[in-house]
Protein chains: 2
Amino acid sequence: MIDPLAWPPPPADDQTDHVTDQQPVQLRVAMAQVDTRVGDLRGNADLVVRWTARAAAEQAHLVVFPEMTLTGYPPEDLVLRESFAHASERTLVELAADLADQGLGGIAVVVGYLAHTRGAGPAPVDEPPTDDRPGDANPRRGAPRNGAALLFGGEVVARYYKRHLPNYGVFDEARYFVPGTELPVVRLHGVDIALTVCEDLWVEGGPCGVAGRAGVDLVVSPNASPYERAKDDLRLPLVRRRAAEARATILYCNQVGGQDELVFDGDSMAVAADGTLLARSPQFVEHLATVDLDIDPSSAPDRAEGRIGPMTVTRHVVSDEPVPPFARRPATVAEPLGDTEEVWRALVLGLRDFIDKNGMPSVVLGMSGGIDSALVAAIAVDALGPDRVHGVGLPSKWSSEHSLSDAEDSAARLGMHYSVVPIAPMVEAYEQAVELSGVAAENLQARVRGTLLMGLSNQHGHLLLATSNKSEVAVGYSTLYGDAAGGFAPIKDVPKTLVWELARWRNAWARERGETEPIPQNSIDKPPSAELAPGQQDSDSLPAYEVLDAVIADYVDRDLGLAQLLERGHDPEVVARVLRLVDGAEFKRRQSAPGTKISLKAFGRDRRLPITNRWRETLPTVREGAEQ
Amino acid sequence: MIDPLAWPPPPADDQTDHVTDQQPVQLRVAMAQVDTRVGDLRGNADLVVRWTARAAAEQAHLVVFPEMTLTGYPPEDLVLRESFAHASERTLVELAADLADQGLGGIAVVVGYLAHTRGAGPAPVDEPPTDDRPGDANPRRGAPRNGAALLFGGEVVARYYKRHLPNYGVFDEARYFVPGTELPVVRLHGVDIALTVCEDLWVEGGPCGVAGRAGVDLVVSPNASPYERAKDDLRLPLVRRRAAEARATILYCNQVGGQDELVFDGDSMAVAADGTLLARSPQFVEHLATVDLDIDPSSAPDRAEGRIGPMTVTRHVVSDEPVPPFARRPATVAEPLGDTEEVWRALVLGLRDFIDKNGMPSVVLGMSGGIDSALVAAIAVDALGPDRVHGVGLPSKWSSEHSLSDAEDSAARLGMHYSVVPIAPMVEAYEQAVELSGVAAENLQARVRGTLLMGLSNQHGHLLLATSNKSEVAVGYSTLYGDAAGGFAPIKDVPKTLVWELARWRNAWARERGETEPIPQNSIDKPPSAELAPGQQDSDSLPAYEVLDAVIADYVDRDLGLAQLLERGHDPEVVARVLRLVDGAEFKRRQSAPGTKISLKAFGRDRRLPITNRWRETLPTVREGAEQ
């Protein structure tokens with residue numbers, strides 16, 4: 001045995017008897033890129049059984065599911081409820097038995113779950129002892145962990161607890177989980193398989209590094225990695241670096257589907273130790289990928305256990321015997337989608353899953369003839385079909401002729417339901433009761449529309465879609481309880497310039513297929529206007545959207561300060577104005593509907609600013625006499 | 001020297017020369033329990049100068065300010081903005097100079113601030129290395145820390161970085177800060193003072209334990225500890241345990257004031273090593289407490305530095321020379337408030353600071369004659385004075401006679417503005433435009449009121465107050481964009497039973513002072529009703545509020561599962577119904593206005609549940625054949 005703590009390990013020709021005895025072995029592995037439901041332990045376990053049966057039909061020996069398969073991800077504060085954590089543990093054990101009962105005990109299944117190891121394991125870093133904190137105020141009694149288990153033959157063979165807990169952006173895992181310290185390695189048909197979870201893969205010298213030092217043949221990595229624009233471009237190089245560090249193939253299985261603000265794109269992949277991309281799943285669809293591996297055990301000369309670096313490696317044996325030789329089949333290596341199509345599919349899936357997982361039969365939205373509502377209607381029809389989408393034209397006395405005709409055209413192109421309710425009688429009733437002028441009168445029109453749409457929502461069971469885009473949400477150009485009203489805001493994270501790009505892309509996509517363009521060209525081409533006052537246009541009070549969106553990307557998404565914004569060449573007056581608007585609109589955003597995150601930083605859980613906040617960006621000044 | 005790593009330390013008679021030389025020394029210390037503003041670096045620095053001048057006028061030698069004095073607390077994602085962090089560092093250095101310029105360089109000042117030590121210090125636990133994460137996605141480039149600094153003679157003498165970072169309940173400090181590893185001890189006039197911050201005090205064997213092993217005379221503890229009912233009962237025993245562990249007096253200085261969902265009650269205190277309460281500040285007011293200490297250096301026989309337990313102790317000397325003897329003055333030892341008065345003052349201060357810190361001139365609210373709006377009006381008048389509070393009666397065709405007369409009585413008792421706008425004309429206009437029945441028709445009335453009130457808000461610059469209580473918010477008995485509309489919801493965390501208790505308490509308090517009772521007895525006594533349908537009463541569709549609130553306290557505040565709820569004796573049918581209502585109302589709560597947290601767990605940042613969530617509490621079942 002070589003010293004497992006030595007780093008770098010000795011060269012491969014320093015082989016032990018264990019290894020020189022062995023010949024290359026085969027294994028067929030599968031990644032089940034499924035769409036789970038948060039909180040649906042029983043339903044998710046059933047999903048695992050169904051997809052394991054599919055993997056078994058493909059003669060796979062191992063199938064890997066996404067992170068926290070049984071609970072769905074992210075389960076948020078459900079993690080802190082002991083009844084839920086105990087039910088997750090119970091469901092895991094029952095699932096192992098169910099798989100065996102259904103003749104699936106002979107395939108190894110890796111599933112994610114919420115582990116609850118009361119009293120076990122070390123106290124987490126920075127966790128006050130329970131006897132000193134008031135009991136009820138301490139959410140970490142017991143030890144919730146982000147677990148992955150390998151099931152085989154009706155049993156839970158090994159349990160891994162995620163070591164690296166992301167706690168930035170939309171992630172709050174330090175709130176929920178105690179980090180793991182053990183790395184289990186399971187020998188399946190002569191192949192040594194290390195278990196890891198998601199963020200572990202992002203850390204150099206983390207569990208993949210420990211696996212490389214311990215000696216393994218395969219690393220499985222269940223993931224719940226939310227979609228962001230162009231994130232898929234980062235994943236492959238990342239998985240390659242970790243495969244090289246682990247000196248083993250990595251199976252990266254990501255979930256797919258929408259969950260409130262997040263959408264997951266899948267993009268599961270298998271990458272060999274030398275960086276070869278062996279398989280890649282298509283984005284935004286459920287998919288079973290199988291990969292035939294030829295494992296050369298001599299590539300990992302040593303098989304160590306015990307303390308290695310920061311973790312303790314444990315070894316578990318299901319079977320030493322390799323599987324009989326079988327004929328290799330080619331694996332799917334999907335091309336990632338283009339950037340605009342990717343965003344479109346993210347928005348469609350994010351909306352569809354929100355509506356369907358919440359059991360809503362249909363949606364309703366106000367149609368103004370403008371590009372935002374036309375785009376949301378097209379997304380909704382792609383997500384739900386035209387029969388579940390209800391548009392309402394709500395013209396006021398300031399509405400232009402084309403606003404109604406473009407809205408009608410939009411609905412007709414999509415084949416969705418459409419009706420018209422003029423708002424003047426309601427607006428007049430308010431104006432006779434109280435005096436409202438200026439912005440108050442403009443907002444009134446938007447709120448009459450919001451009230452009408454919510455009435456239709458309550459009456460018919462539709463979920464109301466808000467049509468605000470990210471540029472409007474950023475600068476507060478929407479009316480609280482008016483056009484901001486709704487249960488979901490599909491394009492909340494889409495800047496106006498990308499709204500136009502998506503509309504053009506979707507129309508071109510239809511043209512390529514010989515289909516009707518779903519979005520009226522007039523809605524794309526005309527100058528944007530809220531039409532809340534005579535002749536009003538967005539450009540009266542906002543910079544051009546190309547200019548505005550560039551400032552928003554730097555200030556909101558990248559969190560740059562004033563000096564950095566000016567360094568990047570933004571106009572000082574535009575910056576001053578935009579920052580004032582963004583800072584002043586926090587109270588509105590706090591009450592806005594959730595919408596699918598597609599950017600680096602979405603409004604919502606991703607960006608947590610106080611409402612009460614006196615900080616305004618200023619240039620640093622050097623004061624006379626003060627030290628710097 | 002004794003071994004600083006030995007624990008327990010040797011008995012006190014094992015004294016070194018250093019100590020036997022010394023005689024008891026005096027020091028006058030002060031705690032400035034101030035109300036800071038988040039983001040207002042310059043304003044908060046000015047506040048420090050003003051209160052330091054007051055402390056100097058009292059001949060204090062040291063004054064301690066609350067946690068993150070310069071930034072306010074919690075600054076949330078402002079911490080991640082480098083321009084803000086740099087400005088905080090700059091403000092600290094400028095403050096030290098300003099104090100000296102104004103003749104205050106001779107008093108030691110401990111202030112909290114946001115530290116930004118780029119590249120310094122160890123990487124935090126679980127922090128992926130920056131080269132592996134996409135740069136912009138990693139909020140922890142650089143090293144933001146929760147700092148406390150001791151200023152003297154125009155200089156920053158020592159900087160401490162908070163070691164224990166709370167990341168539960170409303171706290172997200174693992175998102176923001178890197179934990180500190182050094183414990184600076186500053187000798188001021190012969191007295192050794194250790195710096196700590198807030199959560200450090202809650203941890204046995206934390207910095208106070210290290211201070212005890214190192215040997216110090218005094219521990220300062222700047223805090224930002226949010227109010228919760230009866231939390232003050234926990235603080236004194238906690239500070240006593242830590243003072244015993246530190247073998248030194250602890251100065252616990254907490255901030256006061258409202259910040260969005262949180263209100264801070266102050267309750268600053270000084271506790272001697274033997275547990276004697278030397279001083280305690282009154283709750284919910286700014287206050288300067290001075291305490292005259294007699295330090296017996298022989299009580300800490302050793303004065304160690306270097307590595308002690310998990311931290312490195314550093315020693316800094318301002319002056320070895322004790323101050324000349326002075327005549328002792330008695331310190332204030334305030335009695336904590338009674339439980340009901342405490343809640344009242346929390347609600348008043350939470351509302352006042354939200355309105356004033358956001359620069360709102362006035363508030364408006366709908367007055368129904370019911371207890372909720374009567375209570376909110378009374379809180380608003382106590383917070384802002386009657387001239388800044390505008391009530392509007394909004395009767396419908398279902399409103400009872402007494403609803404209008406009780407609302408008028410309420411406004412008259414409070415001396416606030418009051419007007420009446422009947423809603424029938426607007427309701428009829430909608431009903432002629434679209435068919436709305438049942439719940440849709442009920443919600444319409446609430447939304448017409450919401451739209452009218454938001455119109456008045458926009459027209460006159462009032463902030464609209466929502467009047468929903470915690471019981472309603474829990475079960476979803478409020479109308480989105482209707483009675484739930486508003487910029488702040490003062491009693492959002494107050495269960496209905498406590499609403500009545502507060503009303504009775506406030507009337508009794510007025511009676512004791514010979515003042516008009518602010519809340520009509522009829523509003524307290526009559527059965528609660530939303531009056532959205534003929535003869536409607538809350539008890540038609542909800543259990544009695546005593547029963548409902550008990551279930552909410554166990555399910556929401558204590559996160560109990562079904563089995564535990566039944567064990568605690570709740571009626572199974574009531575539990576089933578209440579849980580279904582609470583689980584189904586998450587989408588409404590996500591869009592609700594912030595309100596002051598007073599309970600163990602408030603809706604908002606304190607309780608983060610997914611909207612899309614299939615989990616429903618069930619009793620665990622033992623399945624045939626399945627392992628348990």
Side-chain angles (χ1 to χ4, degrees), chain A residues 37-40 76-78 80-81 83 93-94 97 125-126 128-129 132 134 136 139 164-165 167-168 174-175 202-204 234 259-260 357-358 421 425-426 429-430 433-434 436 439-440 443-444 447 451 455 458-459 481 485 558-559 561 587 591 600 608-615 626-627, chain B residues 37-40 76-78 80-81 83-84 93-94 97 125-126 128-129 132 134 136 139 164-165 167-168 174-175 202-204 234 259-260 357-358 421 425-426 429-430 433 436 439-440 443-444 447 451 455 458-459 481 485 487 558-559 561 591 600 608-615 626-627:
Chain A
R37 292 182 184 220
V38 164
D40 192 10
E76 305 190 51
D77 278 9
L78 285 177
L80 307 179
R81 203 176 303 163
S83 57
V93 173
E94 291 172 2
V125 176
D126 288 336
D132 241 27
D136 284 325
H164 296 283
L165 303 172
N167 203 65
Y168 50 81
R175 178 179 175 89
W202 291 79
V203 182
E204 194 180 342
L234 299 171
Q259 170 60 28
D260 290 353
K357 289 179 179 179
N358 282 294
V421 183
M426 283 73 80
Y430 285 102
V434 287
L436 300 174
V439 170
N443 283 338
L444 171 63
R447 290 199 185 101
T451 300
N458 290 159
Q459 184 77 14
Y481 321 136
R558 300 195 184 92
D559 233 346
F587 75 100
Q591 295 190 36
L600 198 60
R608 307 179 190 175
L609 282 174
I611 296 174
T612 306
N613 172 12
R614 283 253 179 146
W615 175 247
E627 288 180 59
Chain B
R37 294 184 182 217
V38 164
D40 192 9
E76 305 189 50
D77 278 9
L78 285 176
L80 306 179
R81 203 175 302 163
S83 58
F84 183 70
V93 173
E94 290 172 1
V125 176
D126 288 335
D132 241 29
D136 284 325
H164 296 283
L165 303 172
N167 202 65
Y168 50 81
R175 178 179 174 89
W202 291 79
V203 182
E204 193 181 345
L234 298 171
Q259 170 60 28
D260 291 352
K357 290 180 178 179
N358 281 294
V421 183
M426 283 73 79
Y430 285 100
L436 300 174
V439 170
N443 283 337
L444 171 64
R447 290 199 185 102
T451 299
N458 291 157
Q459 185 76 13
Y481 321 137
R558 300 194 183 92
D559 235 344
Q591 295 189 35
L600 198 59
R608 308 179 189 175
L609 282 174
I611 296 174
T612 306
N613 172 13
R614 282 254 180 144
W615 175 248
E627 290 179 58

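A, B, ... follow the sequence lines: proteins, then strands. Residue 1 opens every chain.
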So, does A:Asp77 use its side chain to make a donor-acceptor pair with the main chain of B:Arg608 at under 3.5 Å? yes
Greatest number of heavy atom pairs closer than 4.5 Å to chain B - which of A:Asp40, A:Asp260, A:Leu436, A:Asn443: A:Asp260
Which portion of A:Phe587 sits near chain B, non-hydrogen atoms under 4.5 angstrom: neither
I'd like to verify something: which residue of A:Ala429, A:Gly561, A:Pro425 has the highest number of heavy-atom pairs under 4.5 Å with chain B? A:Ala429
Between B:Asp559 and A:Arg81, is the salt bridge (charged side-chain N to carboxylate O under 4.0 Å, His left out) condition met? List the steps. CA-CA 6 Å; B:Asp559 235 344; A:Arg81 203 176 303 163; 3.1 Å; yes
Report the residues that fulfil side chain to side chain donor-acceptor pair (under 3.5 Å) with B:Asn613, sequence neighbours left out, ordered by chain and then residue number. none
Looking at chain A, which one of B:Val421, B:Val38, B:Leu444, B:Val439 has the largest number of heavy-atom pairs inside 4.5 Å, strictly under? B:Val38
Residues passing the salt bridge (charged side-chain N to carboxylate O under 4.0 Å, His left out) test with B:Arg37, sequence neighbours excluded, are none
